[in-house]
Amino acid sequence: MGWWLRDWEVLDTVHAQLHHRYGHDVELLVVTRQANQRTWHPAACVLEGITELTLAQLYRRAAVVLLPLTDATANNALLEALACGTPVVTTDAGGIPHYTGAGPAAVLTPPGDGPAATEAVDKLLSEFGTADHALRRAAARERAELFSWPRIAEQIRAVHRLLEAER
């Protein structure tokens, strides 16, 4: 999902390995605004210009979202996937661990490590439909709630109240 600061080499490695292992039994979807800016794995279905509703449906349908990054302070695609209850495999880079937490909602992999990302995605695919996967989905939604606008707004109001009290 997206384009900015994505690690395309890791994505290509994971796509190649998953396609090699599963063939057409696994669906490789890429959602981006820059579909024509690079060459994609031949088995990948590249979507561009989809509606927010379609994007949310894709997140909910997915067994896992792979989000390899070169760096990030924050990431909307990560929060969107978690909000839809979809476990994420992403890079342990920048501020991403703050968003994912240490629970089962996401698996963090080392930067630039395609084999580790492949292994993490494969593990989540193997859990699909199990109690472990249901636990990951619930944890993803719970984690995303920590960053909901009502909660953030209340935190900002609390800071304002503290500042006012110190005057």
Side-chain angles (χ1 to χ4, degrees), residues 1-2 4-7 10-32 41 43-45 47 50-155:
M1 315 298 171
W4 185 247
L5 297 176
R6 299 306 190 260
D7 189 334
V10 169
L11 180 77
D12 291 342
T13 297
V14 174
H15 277 180
Q17 289 298 311
L18 291 178
H19 185 66
H20 177 75
R21 288 181 194 166
Y22 299 104
H24 294 290
D25 290 338
V26 67
E27 190 174 16
L28 309 172
L29 289 178
V30 177
V31 177
T32 182
H41 187 279
C45 176
L47 304 174
I50 63 172
T51 66
E52 288 185 31
L53 176 61
T54 299
L55 181 60
Q57 290 169 338
L58 290 172
Y59 279 130
R60 287 185 188 105
R61 191 180 77 177
V64 58
V65 167
L66 171 63
L67 190 59
L69 302 165
T70 57
D71 199 7
T73 2
N75 189 281
N76 285 344
L78 172 64
L79 291 175
E80 291 166 353
L82 294 174
C84 289
T86 306
V88 177
V89 171
T90 190
T91 310
D92 187 354
I96 295 303
H98 173 72
Y99 286 89
T100 63
V107 177
L108 297 176
T109 61
D113 194 338
T118 301
E119 184 179 318
V121 170
D122 204 24
K123 177 176 177 17
L124 269 64
L125 287 174
S126 73
E127 292 177 356
F128 189 69
T130 68
D132 286 341
H133 190 74
L135 178 69
R136 286 187 189 278
R137 285 194 173 277
R141 284 187 293 274
E142 185 177 305
R143 188 70 193 169
E145 279 298 314
L146 295 175
F147 302 97
S148 68
W149 283 118
R151 182 168 282 186
I152 298 298
E154 181 51 41
Q155 291 170 353

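All values below were derived from every heavy atom in this structure, side-chain atoms included, with hydrogens, water molecules and symmetry-related copies excluded. Keep in mind that this is a model prediction, so the values were computed, not measured.
Listed by first and then second residue, the ring pair (Phe, Tyr, Trp, His ring centres under 6.0 Å) pairs that reach into residues 104-131 are F128-H133, sequence neighbours excluded. Residues in residues 121-140 take part in these salt bridge (Lys or Arg N to Asp or Glu O under 4.0 Å) pairs, two or more places apart or across chains: R21-D122, K123-E127, E127-R136. Screening residues 60-71 for salt bridge (Lys or Arg N to Asp or Glu O under 4.0 Å), with sequence neighbours left out, gives E27-R61.
Shortest non-hydrogen contact noted between V65 and A81 is CG2-CB, 3.9 Å. Between P115 and T13 the shortest heavy-atom distance is N-CG2, 4.4 Å. The nearest pair of heavy atoms linking Y99 to F147 is O-CE1, 3.6 Å. Summarising the geometry of P87 relative to A140, their closest heavy-atom pair is N-CB, 4.5 Å, with the distance given to 0.1 Å. Summarising the geometry of T91 relative to P68, their closest heavy-atom pair is OG1-CA, 3.4 Å, with the distance given to 0.1 Å.
Residues that satisfy the ring pair (Phe, Tyr, Trp, His ring centres under 6.0 Å) test with H15, not counting sequence neighbours, are absent from this structure. Here A43 pairs with H19, L28, H41 under the side-chain contact (heavy atoms from CB on, under 4.5 Å) rule; sequence neighbours left out. Partners of Y22 according to the ring pair (Phe, Tyr, Trp, His ring centres under 6.0 Å) rule, which considers only residues two or more places apart in sequence or in another chain, do not exist here. Partners of Q155 according to the side-chain contact (heavy atoms from CB on, under 4.5 Å) rule, which considers only residues two or more places apart in sequence or in another chain, are R151, I152. Listed by chain and number, the residues in a ring pair (Phe, Tyr, Trp, His ring centres under 6.0 Å) with H20 amount to none (sequence neighbours excluded). Residues that satisfy the side-chain contact (heavy atoms from CB on, under 4.5 Å) test with S126, not counting sequence neighbours, are absent from this structure.
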Under 3.5 Å, sequence neighbours excluded: what are the donor-acceptor pairs made by side chains of residues 101-114?
{"unit_1": "T109", "atom_1": "OG1", "unit_2": "T90", "atom_2": "O", "d": "3.4"}
{"unit_1": "D113", "atom_1": "OD1", "unit_2": "A116", "atom_2": "N", "d": "3.0"}

Extract all donor-acceptor atom pairs below 3.5 Å that involve side chains of residues 50-57 and protein atoms in other chains or at least two apart in sequence.
{"unit_1": "T51", "atom_1": "OG1", "unit_2": "T54", "atom_2": "N", "d": "3.0"}
{"unit_1": "T51", "atom_1": "OG1", "unit_2": "T54", "atom_2": "OG1", "d": "2.9"}

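Contact of the L67 side chain with the I96 side chain is not registered, since no non-hydrogen atoms from C-beta on lie closer than 4.5 Å. When side chains are defined from C-beta on, T70 does not count as touching R6, because their heavy atoms never get closer than 4.5 Å.
Distance check: L66 CG to L29 CG gives 12.0 Å after rounding to the nearest 0.5 Å. Here CD of E142 is found 11.5 Å from CG of L82. Values are rounded to the nearest 0.5 Å.
No more than 12 heavy atoms of other residues, nucleotides or ligands shown are found within 6.0 angstrom of CD on E119.
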- [ ] Apply side chain to side chain contact (heavy atoms under 4.5 Å, CB included) to the pair V14 and V89, showing each step before the final yes or no.
- [x] CA-CA 11 Å; V14 174; V89 171; over 6 Å; no
